[in-house]
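The model shown is predicted, which means the values in this text are computed figures rather than measured ones. We count residues from 1, following the sequence as given.
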Amino acid sequence: MDEELELINRDLNNALSKLKESNSDGPQSRKEKMAQLIRLHLQHVQTTVVTQRRRAQQRTKRQFRKMRSFFMQQMMEMHSNYLQMYTMLRLKHARSEDTDSEASDVEGEEQEQIDVQTDFPSFDSNFFEHVIPELSEEEFLNTLHVTRGTFDTLCKQLAPTLRTADELARRLPAISPEKCVALALYFLASGERLSLIAERFSLPRPRTIKCLKVFCNAVMSTLGRALRQLPQHPVDCNSVAEGFQRESNMPAALVGVLGVCSIPIRANGEAKHSVLRMEYLLDDRMLFRELQLGCGQRSTLVPMFSHTPNTLSSLPKFRINNRPVPAFVLAPVYQNYPLRPWLLQRYADPIAPHEHDFNEVAEHLQESSDCALHRLMSRWSFLSQPLDISFHTASCIITAAAVLHNLLEELSEPHMLEWGNSVDVSKFRAEPLENSLSDETPSHAALEVRDFLARTISSTEI
């Protein structure tokens, strides 16, 4: 930067000396030209200093993000190594105990076999009746991914609806609401195939699927409306926008972040070996507010909020620096979303400093979106496995799983780090949809709104 400033000063001195030696203009005209040169010189110096400062800040932030990512990777590796060593030590300890107990009598051996079956419940066909009641609090949490108290609360809330379901009460053998809830939570948390889960709970596979549907419908009818909706009221909109502003310095008009993923389906029928595409909208607390699920030909799917009227276009506008700004959501740049005033995305080729600042905020929010998806998939492991069910059933279960996830997040339910050790959200990146919109050019209003937000971010950055 010093060399650039020296070059600017040298150019100014040369211009001033030539102007002084010139006899074609009068003294007043030379003074005006000198003043204009000085003003241009000051603007040039200011632009150079600000640009260099922004680049230095961005370079420092990029280095910090790399260091943070490297540190988190090292922590994850250390944690994984610790778990492996701990498992090996437990196995060695168990083997030593088995060696010491070889001289025990037949009754002792039979009791030990019963204890082993209790420790490893996967071989018990009466899983709900014999195994779950004997689990400790930690084992219960790692089996169903909810605490026993939350499980009891869910059963109480859903029992009135589940008791009226013909599939559970009128068919023999009858299924209690508690068993239905346990079966559904075990399916969501374990990621096992339905045939194995049906065997664990001593039910036929078709009835296991119907039990899952009954549970999901009960969740949606009891909890869905309260937990899964786009911010509509001004108070809720302001709360979400202010939350995003505190988190990322995005001006207070952002009401959600869009994300996209794809989940394989290996069901029979027309959807065999196809992919379920899930679009989701997250709020400032990384809760799932909206879901759009699609399966089949990509050309028949339309990205969320692409057309008007939609739920976003009816939201009240925000005022930022005395200028009305529409409520908007942030879309991923690689999914062929159209650029609209209510549907913004980062700059494809940033040049100016404020464009880089906007992209930095947008990338931070997209990283948070990936973290929210990782948290959902690590809590409900069935999402990270190919689904051996139909698209309609998968849509019903995934929607209810998102509602339950929101509920558990609001209750600050424990979320164990080791649940997500095998989850890699990068494997579920969705392919971009074909750009089938009639108007593919970005709207002038959207470009103006994005540019205004970017300059606001730069002016408020510390």
Side-chain angles (χ1 to χ4, degrees), residues 109-220 222 265-269 379-390 392-394 396-398 400-401 404 419:
E109 291 179 357
E110 292 176 353
Q111 183 64 33
E112 183 179 358
Q113 291 177 359
I114 295 174
D115 293 339
V116 170
Q117 291 178 359
T118 303
D119 291 338
F120 300 94
S122 59
F123 301 101
D124 196 319
S125 60
N126 295 314
F127 186 66
F128 175 74
E129 293 82 2
H130 297 164
V131 178
I132 290 183
E134 302 299 326
L135 295 176
S136 65
E137 293 296 329
E138 182 180 358
E139 291 171 338
F140 191 94
L141 176 62
N142 288 323
T143 301
L144 301 184
H145 290 187
V146 297
T147 60
R148 200 181 296 272
T150 301
F151 174 80
D152 295 337
T153 302
L154 275 176
C155 291
K156 291 179 182 178
Q157 289 183 339
L158 301 179
T161 305
L162 295 177
R163 288 196 183 99
T164 60
D166 294 342
E167 184 60 37
L168 302 184
R170 296 187 180 181
R171 288 191 58 182
L172 296 177
I175 301 175
S176 65
E178 292 78 12
K179 184 173 182 177
C180 178
V181 174
L183 185 151
L185 291 178
Y186 186 78
F187 169 78
L188 298 178
S190 66
E192 288 186 357
R193 300 197 65 167
L194 276 170
S195 56
L196 297 177
I197 295 177
E199 183 179 355
R200 290 180 188 276
F201 287 83
S202 301
L203 294 173
R205 187 179 186 277
R207 198 174 185 198
T208 301
I209 296 177
K210 291 181 180 179
C211 183
L212 284 173
K213 289 183 177 180
V214 169
F215 170 81
C216 294
N217 291 332
V219 169
M220 294 307 300
T222 307
I265 294 181
R266 57 187 179 195
N268 297 324
R379 184 187 296 280
W380 306 134
S381 300
F382 86 102
L383 289 170
S384 59
Q385 307 292 332
L387 303 179
D388 54 345
I389 49 181
S390 66
H392 177 74
T393 303
C396 178
I397 296 175
I398 290 174
L404 282 175
W419 295 347

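Minimum interatomic distance between R163 and P177 (heavy atoms only, all atoms of both residues): CG-CG, 3.8 Å. In terms of heavy atoms, S202 sits closest to N126 at OG-OD1, 3.1 Å. In this structure, W380 and A189 approach most closely via the heavy-atom pair CE3-N, 3.9 Å. In terms of heavy atoms, P173 sits closest to R207 at O-NH1, 2.6 Å. Scanning both residues, D388 and R205, for their nearest heavy atoms gives O-NH2, 3.0 Å. Scanning all heavy atoms of the two residues, the minimum distance from L144 to A182 falls at CD2-O, 3.9 Å.
Looking only at side-chain heavy atoms (C-beta outward), L404 and L185 come within less than 4.5 Å of each other. At least one side-chain heavy atom of C211 sits under 4.5 Å from a side-chain heavy atom of C180. Under the 4.5 Å side-chain criterion, counting only non-hydrogen atoms from C-beta, T393 is not in contact with L212. Counting heavy atoms from C-beta on, the side chains of T143 and V131 never come closer than 4.5 Å. By the 4.5 Å heavy-atom criterion applied to side chains, I132 and F140 are counted as neighbours.
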Hey, mind stepping through F215 and L154 against side-chain contact (heavy atoms from CB on, under 4.5 Å) and telling me if it holds?
CA-CA 11 Å; F215 170 81; L154 275 176; 5.6 Å; no
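In this structure, NZ on K213 lies 12.5 Å from OG1 on T208, to the nearest 0.5 angstrom. Summarising the geometry, atom OH belonging to Y186 is positioned 10.0 Å from atom NE2 belonging to H145; distances are rounded to the nearest 0.5 Å. Note: S390 OG to I265 CD1 = 8.0 Å, rounded to the nearest 0.5 Å. Of the inter-residue distances, the one linking L383 atom CG with I397 atom CD1 reads 10.0 Å to the nearest 0.5 angstrom. Expressed to the nearest 0.5 Å, how far NZ of K210 lies from CG of D166 amounts to 11.0 Å. Atoms CD1 and CD1, on I398 and I389 in that order, are 7.0 Å from each other to the nearest 0.5 Å.
When each of F382, F127, F187 is checked for a side chain to side chain contact (heavy atoms under 4.5 Å, CB included) with I197, only F187 meets the rule. When each of V219, L168, I175 is paired with V214, the side chain to side chain contact (heavy atoms under 4.5 Å, CB included) condition holds for L168 and for no other.
The number of heavy-atom neighbours closer than 6.0 Å to NZ of K179, taken from other residues, nucleotides and ligands shown, is above 12. Within a 6.0 Å sphere centred on CD of E138, heavy atoms belonging to other residues, nucleotides or ligands number 12 at most.
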